[in-house]
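Below: one structure, written as structure tokens.
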Number of protein chains: 2
Amino acid sequence: MDSMIRLTSNQRKVLEVLEQTGKPIGAYAILEKTGFRGAVQVYRALEKLIDLGLAQKLESLHAYIRVSPKDETELTAFAICDHCGHIHQLTEAREIRQLHECLAQMDFAVCRSVIEIHGACSTCVSSKRNK
Amino acid sequence: MDSMIRLTSNQRKVLEVLEQTGKPIGAYAILEKTGFRGAVQVYRALEKLIDLGLAQKLESLHAYIRVSPKDETELTAFAICDHCGHIHQLTEAREIRQLHECLAQMDFAVCRSVIEIHGACSTCVSSKRNK
DNA sequence: TGAAGAATGTTATGTTATAACATATCATTT
DNA sequence: AAATGATATGTTATAACATAACATTCTTCA
Ligand SMILES: [Zn+2]
Ligand SMILES: [Zn+2]
Ligand SMILES: [Zn+2]
Ligand SMILES: [Zn+2]
């Protein structure tokens with residue numbers, strides 16, 4: 001992959017942590033796992049990864065997650081299971097596109113979209129029912 | 001209004017600040033305006049106001065805003081103009097309902113929905129065009 | 001009135017994020 | 001190679017946001 005080549009050492013380390021973690025992780029937890037000397041190194045690396053579309057911040061969790069670089073930020077929604085921490089990423093959903101179209105009709109120019117739906121995923125819902 | 005009667009002195013003060021401000025305001029800015037002795041009083045009041053549906057937090061801004069109590073949290077989206085700070089609140093939009101239905105079909109049980117779309121509002125877009 | 005509960009006050013601390021500046025690393029030109 | 005400039009990293013301090021733990025005051029109603 002071409003974009004990988006551009007990553008610096010710190011950026012690669014953070015990306016690896018995000019991938020190994022597989023779910024949202026806070027900047028200070030990344031700090032521990034990387035062994036960087038300060039939080040600023042984490043935030044600088046995250047900024048770049050987010051720019052490249054390799055990571056995203058979940059605002060309602062103050063945490064960061066690896067995402068597929070092709071997924072357009074503006075058209076992505078996250079369903080966050082508050083029980084198991086599992087993240088379901090909805091990509092290119094028609095519903096999101098329609099929301100944006102609705103805004104476009106109001107002459108609102110979208111540049112960034114934060115869609116984070118909290119709740120319980122199917123696994124957790126059914127495990128609750130069965131006890 | 002019936003719900004007003006339940007509010008304590010601190011809660012009323014915070015609500016007034018939110019109303020006078022008319023746009024998102026941070027907890028520590030509320031602290032200054034109310035003259036409370038500590039941040040904790042602000043957060044306690046905000047918690048209650050949010051419970052009552054009188055206020056909401058904008059996660060991506062770390063700020064709080066007055067909302068109409070009838071607006072159901074799960075069905076509300078905010079369009080946030082990053083230029084003028086103006087908030088457009090989309091209530092009961094069909095698009096949001098559809099997004100939730102989409103999640104329901106995945107057996108995801110929604111309990112809280114954070115939808116914050118950043119960009120430029122029509123006023124700001126057109127003022128940019130004209131310079 | 002005086003106990004119980006609610007609200008507020010106080011202090012300290014935890015958590016997340018950035019500012020400001022110093023140093024190191026690496027490629028390019030001379 | 002030495003000088004230059006650009007990018008990356010390190011360091012320290014602090015800003016900004018949020019909660020824990022406990023003390024005091026204020027209501028309320030038996
Ligand atoms: Zn789950
Ligand atoms: Zn799940
Ligand atoms: Zn605007
Ligand atoms: Zn506007």
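Every heavy atom of this structure was used, including side-chain atoms; hydrogens, water molecules and symmetry mates were not. Lettering follows sequence order; numbering is per chain, from 1.
Every pair passing salt bridge (charged side-chain N to carboxylate O under 4.0 Å, His left out) that includes a residue from residues 96-107 of chain A is listed here, sequence neighbours excluded: A/E92-A/R97. Residues in residues 108-117 of chain B take part in these side chain to side chain donor-acceptor pair (under 3.5 Å) pairs, two or more places apart or across chains: B/E59-B/R112, B/S60-B/E116.
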Original post:
How does protein reach along nucleotides 9-24 of chain C, written 5' to 3' as B (base within reach of a heavy atom under 4.0 Å), S (only sugar-phosphate), or - (no contact)?
Top reply: BB-----BBBB-----
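With rounding to whole Å, B/L7 atom CG is found 10 Å from C/dT8 atom P. In this entry the distance linking NZ of B/K13 with C1' of C/dA7 reads 12 Å, nearest Å. The nearest whole Å value for the distance from the CD atom in B/E47 to the C1' atom in C/dT8 is 15 Å.
Clustering of Ile, Leu, Val, Met, Phe, Trp and Tyr by side-chain heavy atoms under 4.5 Å joins A/V114 with B/V114. Its side chain within the 4.5 Å cluster rule, A/M106 clusters with A/L75, A/L90, A/I96, A/L99, A/L103, A/F108, A/V110, A/I115, A/I117, B/L75, B/L90, B/I96, B/L99, B/L103, B/M106, B/F108, B/V110, B/I115, B/I117 among the Ile, Leu, Val, Met, Phe, Trp and Tyr residues.
The side chain of A/T8 places an N or O atom within less than 4.0 Å of a non-bridging phosphate oxygen (OP1 or OP2) of D/dT9.
Judged by distance alone, the side chain of A/T34 and the main-chain N or O of A/F36 form a donor-acceptor pair under 3.5 Å.
Considering only residues two or more places apart in sequence or on other chains, B/H62 meets the ring-ring contact (aromatic ring centres under 6.0 Å, His included) condition with A/H62.
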